[in-house]
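Here the structure is laid out as structure tokens; the discussion comes afterwards.
As the structure is a prediction and not an experimental result, all values here were calculated from the model. Side chains are part of it too, since the values below use all heavy atoms of this structure and drop only hydrogens, waters and symmetry mates. Order of listing sets the numbers, starting from 1, for every ligand and every atom in it.
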Amino acid sequence: MNGSPLTIALAGNPNVGKSTIFNALTGAHQHVGNWPGKTVEKKEGVARIGHDDVTIVDLPGTYSLNAYSLEEIITRDFIINERPSLVITVADAANLERTLYLAIQVIELEVPVVLVLNMGDVAHKRGIRLDAAEISARLGGIPVIETVGTRSNGLTHLKTAIAGCTGCWQTLPTIHVDYGDLLEKEMSALHSQIAADPILSQQYKSRWLAIKLLECDEDLRARLDRAGYRDLLDAADHAADRIFEQADEDAETLITDRRYQFIGNVLHGAVARPAQGAETRSDQVDHIVTHPIWGVPIFLLLMWLVFQLTAHVSAPFLDWIDGVISGPITRWAVALLGAAGLGGSWVEALVVDGVIAGVGGVIVFVPVLFFLYTAVAVLEDSGYLARSALVMDRVMRLIGLHGKS
Ligand SMILES: Nc1nc2c(ncn2[C@@H]2O[C@H](COP(=O)(O)OP(=O)(O)O)[C@@H](O)[C@H]2O)c(=O)[nH]1
Ligand SMILES: [Mg+2]
């Protein structure tokens with residue numbers, strides 16, 4: 001396998017730890033640039049997997065593989081056109097229902113996938129227990145690896161899984177989300193039509209394209225339109241119309257629902273959460289500070305404290321700076337100018353009454369600003385400011401000024 005240019009892509013929602021895992025795998029062997037013609041960052045690196053050097057591409061974070069954003073289009077075009085040997089799909093172990101949504105869509109692209117459940121430490125802290133082997137079994141046996149990216153936990157496992165999976169296109173498990181009779185019937189008709197076209201079926205996986213057409217994917221529709229597949233697009237439109245008539249719901253919504261249902265089935269019994277009611281300290285504080293009634297006096301009290309802190313704690317510093325500027329500094333300047341023979345001249349007036357008094361008048365506010373910004377920074381970083389917006393929004397609504405006013 002030496003010398004074969006293996007490429008592995010990392011996909012996942014934003015903030016699930018893709019780049020952390022990318023960095024841990026590639027170390028210093030990285031190249032950062034842009035995707036051709038796009039303003040989205042492209043990170044590529046080389047990792048040593050077994051005896052091979054493997055190229056790893058950190059794909060942009062996306063929540064879905066629709067065509068609603070540049071990131072989504074880049075990600076899916078890369079997987080479809082570049083056909084990486086493997087896609088490592090990173091999900092957040094503490095938010096699996098949500099973050100598996102992208103993983104399911106990558107699996108639907110029928111590429112070899114290794115599923116990484118990162119943030120194992122966060123899940124553990126929240127009392128969430130996962131059965132990775134069970135999840136793997138329910139996903140047709142694709143490798144499922146638990147990691148803590150920030151501590152490089154699970155990376156050896158991940159590398160072993162990668163080594164065992166690269167180029168295993170032949171042994172791909174087929175995992176199909178069951179979209180229900182109505183959708184499946186329409187999909188299989190489109191599927192046959194796509195599979196019968198040598199060019200199209202070479203370029204796309206037929207079932208995937210059928211799903212995308214029912215989802216009314218604008219990007220793919222435009223591409224197929226340009227390539228002269230009007231008949232197929234018409235067939236997809238008619239199918240979507242029939243689905244809407246019968247289900248009273250558009251195909252895209254039904255498809256999304258079915259994917260979440262599929263995820264629910266995969267996780268059912270494989271993920272255990274602590275009993276409801278086990279609130280964290282942070283939740284308790286949240287309830288108090290965002291309380292519909294107590295929230296407002298707490299907000300006013302905090303603002304009063306910020307004001308007091310700013311005004312009174314900074315007062316001695318302010319006085320001291322004022323004293324230094326109007327005392328010694330002014331005296332030194334007068335003495336210096338006197339020694340230079342400029343005592344009592346307009347130059348002295350300019351320096352003392354103009355420059356020193358003017359700059360001094362600004363500098364005395366530095367302590368005030370320092371304490372004010374420190375207080376605001378603490379409130380901001382603790383997350384209180386964001387919560388207080390919620391509290392004050394309720395008050396403002398009472399007087400008819402909601403957030404959009
Ligand atoms: N607690 C915890 N934090 C992590 C873990 N992996 C990554 N992070 C942090 O999560 C944040 C987002 O990670 P990043 O790799 O930038 O995510 P990306 O947007 O998917 O590339 C960073 O602050 C990481 O340090 C993990 O396993 N546990
Ligand atoms: Mg990143």
Side-chain angles (χ1 to χ4, degrees), residues 7-35 38-47 54-65 68-79 82 84 86-107 113-132 135 143-162 271 273-274 280-283 380-383 386:
T7 302
I8 294 177
L10 270 161
N13 289 11
N15 285 319
V16 290
K18 284 182 307 302
S19 299
T20 307
I21 290 172
F22 172 82
N23 290 338
L25 286 174
T26 59
H29 308 284
Q30 295 187 9
H31 169 78
V32 182
N34 273 13
W35 290 89
K38 309 275 166 55
T39 53
V40 179
E41 186 182 81
K42 177 178 186 179
K43 277 210 265 177
E44 236 180 63
V46 174
V54 176
T55 303
I56 305 204
V57 179
D58 192 11
L59 292 171
T62 56
Y63 294 102
S64 155
L65 291 184
Y68 294 126
S69 72
L70 206 51
E71 285 79 2
E72 289 174 353
I73 295 178
I74 289 175
T75 297
R76 77 177 195 197
D77 278 356
F78 184 85
I79 298 175
E82 307 295 320
L86 176 72
V87 180
I88 302 173
T89 309
V90 186
D92 176 351
N95 289 293
L96 272 188
E97 286 81 358
R98 189 164 50 77
T99 52
L100 276 188
Y101 190 73
L102 180 80
I104 296 306
Q105 293 177 80
V106 175
I107 289 170
V113 172
V114 166
L115 177 60
V116 168
L117 309 181
N118 193 38
M119 307 273 181
D121 55 333
V122 181
H124 182 79
K125 229 182 264 165
R126 294 195 194 155
I128 300 171
R129 275 176 299 123
L130 307 168
D131 187 342
I135 295 174
V144 176
I145 317 286
E146 291 175 273
T147 60
V148 180
T150 36
R151 291 185 216 141
S152 292
N153 283 2
L155 278 195
T156 316
H157 261 125
L158 177 57
K159 285 188 175 182
T160 311
I162 296 172
V271 175
R273 279 190 185 65
T280 62
R281 164 114 5 124
S282 165
D283 288 336
E380 174 80 55
D381 286 347
S382 68

Which ligand 1 atoms does [X] reach within 4.0 Å, using its non-hydrogen atoms?
X	answer
Asn15	12 (C), 17 (O), 18 (P), 19 (O), 20 (O)
Val122	1 (N)
Asn13	20 (O)
Val16	17 (O), 20 (O)

*Asn23 and Gln30: side-chain donor and acceptor closer than 3.5 Å?*
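Checked: Asn23/Gln30 side chains pair up, N/O donor to acceptor below 3.5 Å.
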Side chains of [X] and [Y] in contact at under 4.5 Å (non-hydrogen atoms):
X	Y	value
His31	Val46	no
Val54	Ile162	no
Leu117	Ile135	yes

Is [atom] close to the protein, meaning a heavy atom under 4.0 Å from it?
atom	result
atom 23 (O) of ligand 1	no
atom 7 (C) of ligand 1	yes
atom 11 (C) of ligand 1	no

*Report the part of Ile21 (side chain from C-beta onward, or backbone N, CA, C, O) that has a heavy atom under 4.0 Å from ligand 1; answer both or neither where that applies.*
neither
If you measure every N/O of [X] against every N/O of ligand 1, is any gap under 3.5 Å?
X	value
Val148	no
Pro14	no
Thr147	no
Gly17	yes

*May I ask you to decide if Val16's main-chain N or O and Asn118's side chain share a donor-acceptor pair within less than 3.5 Å?*
yes
*Check whether any N, O or S atom of Thr20 sits under 2.8 Å from the Mg ion (ligand 2).*
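Checking Thr20: none of its N, O or S atoms is under 2.8 Å.
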*asked:* Set out, in order, the CA-CA distance, both residues' side-chain angles and the distance that settles side-chain contact (heavy atoms from CB on, under 4.5 Å) for Thr26 and Glu44, then state yes or no.
replied: CA-CA 9 Å; Thr26 59; Glu44 236 180 63; over 6 Å; no
Considering non-hydrogen atoms of the protein only, which is the closest contact for [atom], and what is the distance?
atom	answer
atom 27 (O) of ligand 1	Gly149 N, 2.9 Å
atom 16 (O) of ligand 1	Ser19 CB, 4.1 Å
atom 25 (O) of ligand 1	Thr150 CG2, 3.4 Å
atom 3 (N) of ligand 1	Met119 SD, 3.6 Å
atom 1 (N) of ligand 1	Asp121 OD2, 2.8 Å

*Please say which of Ile21, Leu86, Leu10 ends up in a side chain to side chain contact (heavy atoms under 4.5 Å, CB included) with Ile56.*
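Looking at Ile21, Leu86, Leu10, the match for Ile56 under the side chain to side chain contact (heavy atoms under 4.5 Å, CB included) is Leu10.
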*Leu115 pairs by side chain to side chain contact (heavy atoms under 4.5 Å, CB included) with which of Val144, Ile145, Val90?*
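Among Val144, Ile145, Val90, the one that satisfies the side chain to side chain contact (heavy atoms under 4.5 Å, CB included) with Leu115 is Val144.
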*If you measure from atom 13 (O) of ligand 1 to every heavy atom of Leu10, Thr20, Asn23, which option wins on shortest distance?*
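Considering heavy atoms of Leu10, Thr20, Asn23, the nearest to atom 13 (O) of ligand 1 sits in Thr20.
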*Is there a side-chain contact (heavy atoms from CB on, under 4.5 Å) between Leu130 and Leu96 once you walk through the steps?*
CA-CA 10 Å; Leu130 307 168; Leu96 272 188; 3.6 Å; yes
*Going from CD1 on Ile88 to CZ on Phe22, what distance comes out if it is rounded to the nearest 0.5 angstrom?*
10.5 Å
*Kindly determine whether Asn13 and Asp92 satisfy side-chain contact (heavy atoms from CB on, under 4.5 Å), including the steps that lead there.*
CA-CA 9 Å; Asn13 289 11; Asp92 176 351; over 6 Å; no
*asked:* Under the criterion side-chain contact (heavy atoms from CB on, under 4.5 Å), I'd like the reasoning laid out for Glu82 against Thr7: C-alpha separation, chi angles, the key distance, then a yes or no.
replied: CA-CA 9 Å; Glu82 307 295 320; Thr7 302; over 6 Å; no
